[in-house]
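Reading through the structure tokens given below for one structure.
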Amino acid sequence: MKLKIGISCYPTVGGSGVVATELGKLLAARGHEVHFITSSVPFRLDRVYPNIYYHEVEVNQYSVFQYPPYDLTLASKIAEVAKRQKLDLIHVHYAVPHAICAILAKQILNGDLKIITTLHGTDITVLGYDPSMKDLIKFGIEQSDLVTAVSDDLVKQTRALIATNKEIQTVYNFIDENVYKKLNVDELKKHYKIEEDEKVVIHISNFRPVKRIPDIIKSFALIAEKVKAKLLLIGNGPELAIARQLVNDFKIKDRVLFLGNQKHIAELLSMSNLMLLLSEKESFGLVALEAMACGVPVIGTNAGGIPEVIVDGQTGYLCDIGDVNCVADKAVSLLLDQSSYEAFSLRAMEHVQSVFHSETVVSEYERLYCQVIQK
Ligand SMILES: CC(=O)N[C@H]1[C@@H](OP(=O)(O)OP(=O)(O)OC[C@H]2O[C@@H](n3ccc(=O)[nH]c3=O)[C@H](O)[C@@H]2O)O[C@H](CO)[C@@H](O)[C@@H]1O
Ligand SMILES: O=P([O-])([O-])O[C@@H]1[C@@H](O)[C@H](O)[C@@H](O)[C@H](O)[C@@H]1O
């Protein structure tokens, strides 16, 4: 059955928007009609795709509004597009405000709209602690026709924090196998002056406090004492200044490249030997999946959904939150033992193929869409 699917998400750099966009692209490739309803073109929607339509949410700056009313405009846009395009359903990513906006749109349409909400991360694990948000998030979850979360741990945390009995299904994240694979990047390595015998450690994130950026720098400083290596820092966010300060303090300025927000992540991963993801909260860790797909083992923390993505001792290692000595020891042992490293790299690629294959995940979303429509 070919469906007309609306998708609302944050269009900016970040996990939920990436997952929403990649899902939309693969659904469109399967012949469904996909309508993105977002405040700007999602950053991963970087060319023309057949079957994909974009509806801009233009936030009204009318002077009586002290704050631009994004939520209300989005709700009204979802209702308008759903009616005009005869959407079968709207799939919203991130509980606040997107689930709430979809519910309002459904009310505008006298109940004639099916809503699927996917929970991604700090929409639950940070905002769920905020008393002014908790009941709103609960409302968004309970009024959705179907709710998914990106890991078993996020399902568990949602139950604990939001106190809801609503059924929430885990649907893991995925990557596009045609994009995330090991590429030949010899020229790029030369451009970044990475020497033949030098190892590359990479971290990619939004540099928010939950990502524990100081632990990344501290771990790398320890690694660099024993291994000739460079650190690539990809992304932008509030902890970037602290990162620069620590790099100066540890006197490793010549070993660290701050590359800011980047689009071509597979190329940067293909230059890398190891990823560090040392968050204190992480519902899934899409960057870890992207790294493993490119044959890059990951050292992550024992936090949230990370242990569902990294197989400890097989595709990378898990360390306790804040234990930078554990991270450095595991990293040094991996980087200095070539034959063991190659086995980790191979298993990482195989694990992504077998557990997180896009075909399986997209089919699962299709099955859930049909279930909701037939309810
Ligand atoms: C703290 C938390 O719970 N975060 C979750 C949140 O996303 P969150 O935004 O924290 O992070 P993720 O690491 O999962 O994803 C970031 C995405 O943005 C991309 N990127 C990043 C920087 C950059 O410069 N360029 C770029 O393209 C990355 O390649 C990746 O695709 O939702 C994701 C999707 O469900 C989950 O996997 C994360 O666990
Ligand atoms: O809040 P969080 O779950 O860590 O991650 C968020 C992403 O899921 C979202 O796509 C992005 O727009 C946010 O800026 C943030 O990165």
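We're numbering straight along the sequence, starting at 1. In each ligand, atom 1 is the first atom listed, and ligand 1 is the first ligand listed. Everything quoted here is computed from the prediction, not taken from an experiment.
- The atoms of ligand 1 that sit less than 4.0 Å from any heavy atom of Arg44 are 19 (C), 27 (O), 29 (O), 31 (O).
- Among the atoms of Phe284, some N or O lies under 3.5 angstrom from an N or O of ligand 1.
- Of the candidates Arg208, Glu290, Lys211, Lys211 brings a heavy atom nearest to atom 10 (O) of ligand 1.
- Any N or O atom pair closer than 3.5 Å counts here, and Gly15 shares at least one such pair with ligand 1.
- Under a 4.0 angstrom heavy-atom cut-off, Asn173 registers as being in contact with ligand 1.
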### Query
Glu198 and Arg255: salt bridge (Lys or Arg N to Asp or Glu O under 4.0 Å), yes or no, with the steps?
CA-CA 10 Å; Glu198 203 167 30; Arg255 304 272 203 119; 5.7 Å; no
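- Less than 4.0 angstrom separates some heavy atom of Val287 from each of these atoms of ligand 1: 13 (O), 28 (C), 30 (C).
- Contact annotation: the side chain of Lys114 never approaches that of Asp88 to less than 4.5 Å [non-hydrogen atoms, C-beta and beyond].
- The ring of Phe356 has its center closer than 6.0 angstrom to the ring center of His351.
- Aromatic pair Tyr70/Phe65: ring centres not closer than 6.0 Å.
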Under 3.5 Å, side-chain donor or acceptor atoms of residues 257-275 against the rest of the protein: list the pairs with distances, not counting sequence neighbours.
residue : atom : partner : partner atom : Å
Asn261  : OD1  : Asn236  : N            : 3.4
Gln262  : NE2  : Leu259  : O            : 2.9
Ser270  : OG   : Leu183  : N            : 3.0
Ser270  : OG   : Ala266  : O            : 2.8
Ser272  : OG   : Leu268  : O            : 2.8
Asn273  : OD1  : Val200  : N            : 2.7

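- Nearest to atom 24 (O) of ligand 1 by heavy-atom distance, out of Glu280, Gln262, Glu22, Lys263, is Gln262.
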Please tabulate, for the side chains in residues 43-50, all donor-acceptor contacts under 3.5 angstrom to protein atoms that are two or more places apart in sequence or on a different chain.
residue : atom : partner : partner atom : Å
Arg44   : NH1  : Glu22   : OE2          : 3.4
Arg44   : NH1  : Tyr180  : OH           : 3.4
Arg44   : NH2  : Tyr180  : OH           : 3.0
Asp46   : OD1  : Tyr49   : OH           : 3.0
Tyr49   : OH   : Lys25   : NZ           : 3.3

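- Between Ile234 and ligand 1, a contact under 3.5 Å exists for no N or O pair.
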### CA sep, side-chain torsions, deciding dist, call: His93, Tyr10, ring-ring contact (aromatic ring centres under 6.0 Å, His included)
CA-CA 8 Å; His93 295 258; Tyr10 285 121; over 10 Å; no
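- The N/O atoms of Leu286, backbone and side chain alike, include one that comes under 3.5 Å of an N/O atom in ligand 1.
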